[in-house]
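Side chains included, hydrogens not; waters and symmetry mates left out as well; all remaining heavy atoms used. The chains referred to below are lettered A, B, ... by the order of the sequence lines, with proteins before strands, and numbering in each begins at 1.
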2 protein chains.
Amino acid sequence: MKRPPPSALEQAVVVDLTAVIVGVSDDQPKVLVLPRRGGTGPLEALPSGPLQLRHRTLEAGLRAWVEAQTGASLGYVEQLYTFGDQDRAAEPGGARRVLSIGYLALTRAAASPAPGETEWRDWYRYFPWEDWRQGRPAVLGRLERGLRRWVTAARAGAERGARSERVRLAFGLDGAAWSDERVLDRYELLYEIGLVAEAMRQGVAGALAVDRTKLAAQPMAADHRRILATAIARLRSKIKYRPVVFELMAPTFTFLQLQRAVETLAGVRLHKQNFRRLVSQRGLVEETGSIVTGTGGRPARELRYRQEAILERPAPGVRLPAVRGE
Amino acid sequence: MKRPPPSALEQAVVVDLTAVIVGVSDDQPKVLVLPRRGGTGPLEALPSGPLQLRHRTLEAGLRAWVEAQTGASLGYVEQLYTFGDQDRAAEPGGARRVLSIGYLALTRAAASPAPGETEWRDWYRYFPWEDWRQGRPAVLGRLERGLRRWVTAARAGAERGARSERVRLAFGLDGAAWSDERVLDRYELLYEIGLVAEAMRQGVAGALAVDRTKLAAQPMAADHRRILATAIARLRSKIKYRPVVFELMAPTFTFLQLQRAVETLAGVRLHKQNFRRLVSQRGLVEETGSIVTGTGGRPARELRYRQEAILERPAPGVRLPAVRGE
DNA sequence: CTCTCTTATACTCATCTTGAGCATTTCTGA
DNA sequence: TCAGAAATGCTCAAGATGAGTATAAGAGAG
C-alpha cells in the first residue's frame, strides 16, 4: 500500500463552517448576510467561523458560530457541500489551506429585523437571472451575449460544440428548457468564463476584460456566492420532494401564502388551482377552522402543516416501476 | 462580531478522502475494499488517504489516492458528505481531529478482477437488510426484535412514541412502506441502538450487550460503513432522476441487463414490461441494430446509451405545476 | 348601497402516466 | 418436435396533470 507516513506532505488546514440562512418575507427569498467584514473589503459575507476543538460535531460548530454572530438559533440545518479548491479560497497569504463546509438553514424569522450586525438580503440580488416570476429576466439578454462570445471564441469543432451544449443546457438557450435547479451550473459557468466579479479577483485565465460595473450582479466575499448558489439549487430541488417549505412558513397560512413562498424560492409562477389541488391531495395541510380576511378578495381558509403527513406515504419522489413478487 | 483570533481554539485537522467505488457484476452491486490494513485490525476499509498540499482540488486528491492504492483511474465521481463527529472517527490517540470527506465513484470495471490488494465485495454483505430482491430479507426479523426492544425500553409517553415512529418509518414496520432510499437512516438508527459492531467499538451509551456474532452484518474500519450507507442512499435516489446507471454498464447491453443493474442497486425487483416502456419512452437508449443471442430465450436487441438524451428534456424530476404567464 | 376588483374555491375535461397483465414470438436444450 | 425462458407487443383501468371555466365573497370607490 503506497500510503506515506502521515504528516509528510500534509498541510495545515482551517475548516470554515459557513451558513446559508434562508427565510421568506414580503414574497422575497431572503438570506442572512454580514454586510461587510474587516479586512475583506466592502464585500458581503455569509455567517461563518472556523471549526474548533470544543465543537463535538460539525453541525454543532456551525450552530455555535451562527448563534455567536447573529444571536439567532437555528432550526432546520442540512449540510450542502465541502469546498476546498486551492485557488478559489486561499487564506490571505496562502499559508494554510481553507476548507469550507457549507450548510443550508431554514428559518421563519426573516419577517423580523435581522439580528446583530446582520442584514436580510433578497437572494436574487446575487443571482438576478434566477428570478423568472415576472417572465424571462432582462439580465439574461446581456449574459447571453457574453456566453455566445465565449462559445464562438473556441475554434470550431469539438471544443466549440462542447461549449455550445454546456451553455445551451445551463441557460436554456436554443430550444432547451430552463431548469430552475441548475443554479450552481450557471454560476460556475459564468465564473469560468469570467463574467462574475469573483473570477476577476482570483484571476481566472481568460476572464473577460469587462468593466466591473457590467459584471453580473452583486458579488460576495471569498467563495460565498458559490455556496449560496449551492444552497439555492439544493433548496429548489428539495422543495419538490420533501415538505421543507413549511420550515419557512408561519404556523398558520393560506394556500396563496404557501404558493407565494414556493414561487419565491423556485423563481417561477405556478398555476393556482393546480397548486392547491397538489397540496391538498398530498395531505400536507389541514384547515384550522378559522378564516383569514383582508386577503384583498374573498376570505381564505386558514391552514396549518400536518406533521403526520410524512409518516404516511413513503415521500413522493420519482418511483421505479416496482413489482411484488414476479 | 465575536470572532476570536484564528488559532486560539483551533485544532489540528487531518482531512481524509474516502472513496466508495461502485460497480455491478453478476447481478450484484460491488464495492472496492482493502481487505485489511495494518493497525486497524482485521477490518475491511474503503480506499482513502489524507488530503495533501499537492492536491489542487479535493476531487483531484481523491483520484490520486485511488490511483495509488488501486491502480485504477476513476470516471464518474461525486462528493457525498463530510463527516467530522469527534467521537466517531478519532485518530488513534485522539490527538488530531479527523474529517472524512466521502465520495461516490462509478465504474464499469467491476467485471474485471480487483486491482492491487483490493477486492470487489457485494455491498449487501454489509447491509443484508437492504436486499429485497428475493422478498423481505430474513435478517429483518432478527433486527425487528432488537428495534422493538429499544422502543419498549423507553418509558411510555413522548419518548417512546418518537422511537416507535422512527423505527416504523426507517424500517417500514406497522404498515409504513419500506423506502429503498433510507439506507443511512437505518444504519444510523442501528448504530444508535448499538446493533452494529461499530457502535460497540466506540462504546455507544446503552449499546445492547449482544454477542458479537449476532450483531448485524459485516462491519468496516472507522466510519466506513457509514460512508458506504451514504453512498448507497445517494445512488438509489439519483438513479431515479439522472441516467447514472449507464456509468455502470458496458457500452452495449440489453433491456434485461439494464433492468438487472437497476434492481441490483435499488435492491428491489421491477416489472419487466413497464421498465422497458419507461426506459424507451424517456429516449435514454437506442438500438445498435445488432441482436444478442444466448439470452436463454428469444434473442434481444442490443442497446446503447444515447448521450443526447439529457440534452433534450430538462431531466425528469418531480415538477411543480408551472404556468406560462398568468 | 351598489358596482368593480381581487382573491378564494369548485369543478370539468382532455391528456398523460402508471401499475398489472395477457398474448405472441423466437431462441436453446432435451 | 416440444417445453422452457426470454423478449416484445398491446391493452386497460386508475390516477395524476395541465388548462381552464364558473362562482362566491370581502374591500373600497363613488
Side-chain angles (χ1 to χ4, degrees), chain A residues 27 177 180 240-241 252-263 266 268-304 312-326, chain B residues 27 177 180 240-241 252-263 266 268-304 312-326:
Chain A
D27 289 346
D180 62 318
K240 290 172 197 145
Y241 61 95
T252 64
F253 46 84
T254 67
F255 270 118
L256 189 58
Q257 286 167 347
L258 184 62
Q259 183 180 341
R260 291 287 179 243
V262 173
E263 290 177 334
V268 295
R269 288 215 148 280
L270 304 176
H271 182 285
K272 193 194 278 195
Q273 298 90 324
N274 290 347
F275 177 81
R276 152 188 294 265
R277 179 176 60 186
L278 192 80
V279 173
S280 39
Q281 272 184 355
R282 291 255 194 281
L284 294 174
V285 297
E286 62 188 0
E287 302 181 8
T288 64
S290 308
I291 295 242
V292 181
T293 57
T295 56
R298 173 174 169 177
R301 303 185 183 169
E302 193 180 60
L303 307 173
R304 77 165 74 92
E312 287 160 14
R313 49 195 76 222
V318 187
R319 58 248 113 172
L320 296 169
V323 80
R324 285 185 298 277
E326 190 173 20
Chain B
D27 290 345
D180 62 318
K240 290 172 197 145
Y241 61 95
T252 64
F253 46 84
T254 66
F255 270 118
L256 189 58
Q257 287 167 346
L258 184 62
Q259 183 181 340
R260 291 285 179 245
V262 173
E263 290 177 335
V268 295
R269 290 216 146 278
L270 304 177
H271 182 284
K272 194 195 278 196
Q273 297 93 321
N274 291 347
F275 178 79
R276 153 187 294 266
R277 178 176 62 187
L278 191 80
V279 173
S280 39
Q281 272 182 356
R282 291 255 193 281
L284 293 174
V285 297
E286 62 190 359
E287 302 181 6
T288 64
S290 308
I291 295 245
V292 182
T293 57
T295 54
R298 174 173 169 178
R301 300 184 186 171
E302 193 180 61
L303 307 173
R304 77 165 74 93
E312 288 159 12
R313 51 194 75 223
V318 187
R319 57 249 114 172
L320 295 170
V323 81
R324 283 185 300 276
E326 188 173 25

Under 3.5 Å donor-acceptor pair, B:Arg277 side-chain atoms to D:dG9 base atoms: no

base_contact_polar (D:dT17 base, A:Gln273 side chain, donor-acceptor, <3.5 Å): no

[atom2] on [Y] to [atom1] on [X], rounded to 0.5 Å:
| X | Y | atom1 | atom2 | value |
| --- | --- | --- | --- | --- |
| A:Thr252 | A:Leu303 | OG1 | CG | 8.5 Å |
| A:Glu286 | A:Arg301 | CD | CZ | 14.0 Å |
| B:Thr293 | B:Glu302 | OG1 | CD | 10.5 Å |
| A:Gln259 | A:Phe253 | CD | CZ | 13.0 Å |

Are [X] and [Y] packed together at the side-chain level, in the sense that at least one heavy-atom pair is separated by less than 4.5 angstrom?
| X | Y | result |
| --- | --- | --- |
| B:Gln281 | B:Arg276 | no |
| B:Leu270 | B:Val262 | yes |
| B:Leu258 | B:Val279 | yes |

Nearest listed nucleotide, side chain of B:Leu278, among C:dT9, D:dA6, C:dT18: C:dT18

Residue B:Leu256, side-chain atoms from C-beta onward, closest of C:dT9, D:dA7, D:dC12: D:dA7

Between [atom2] of [N] and [atom1] of [X], the distance in whole Å:
| X | N | atom1 | atom2 | value |
| --- | --- | --- | --- | --- |
| B:Gln281 | C:dC16 | CD | P | 11 Å |
| B:Leu258 | D:dT8 | CG | C1' | 16 Å |
| B:Asn274 | D:dC10 | CG | P | 15 Å |
| B:Phe275 | C:dA20 | CZ | P | 16 Å |
| B:Arg269 | D:dA6 | CZ | P | 10 Å |
| B:Glu302 | D:dA7 | CD | C1' | 15 Å |
| B:Arg260 | D:dA6 | CZ | P | 8 Å |
| B:Gln257 | D:dA6 | CD | C1' | 12 Å |

So, does [X] get its side chain near the phosphate of [N], meaning an N or O under 4.0 Å from OP1 or OP2?
| X | N | answer |
| --- | --- | --- |
| A:Lys272 | C:dA8 | yes |
| A:Arg276 | C:dA8 | no |
| A:Arg301 | C:dA10 | yes |

Identify all pairs in which a protein N or O lies below 3.5 Å from an N or O of nucleotides 24-30 of chain C, and state each distance.
| residue | atom | partner | partner atom | Å |
| --- | --- | --- | --- | --- |
| C:dT25 | O4' | B:Arg298 | NH1 | 3.2 |
| C:dT25 | O2 | B:Arg298 | NH1 | 3.0 |
| C:dT26 | O2 | B:Arg298 | N | 3.4 |

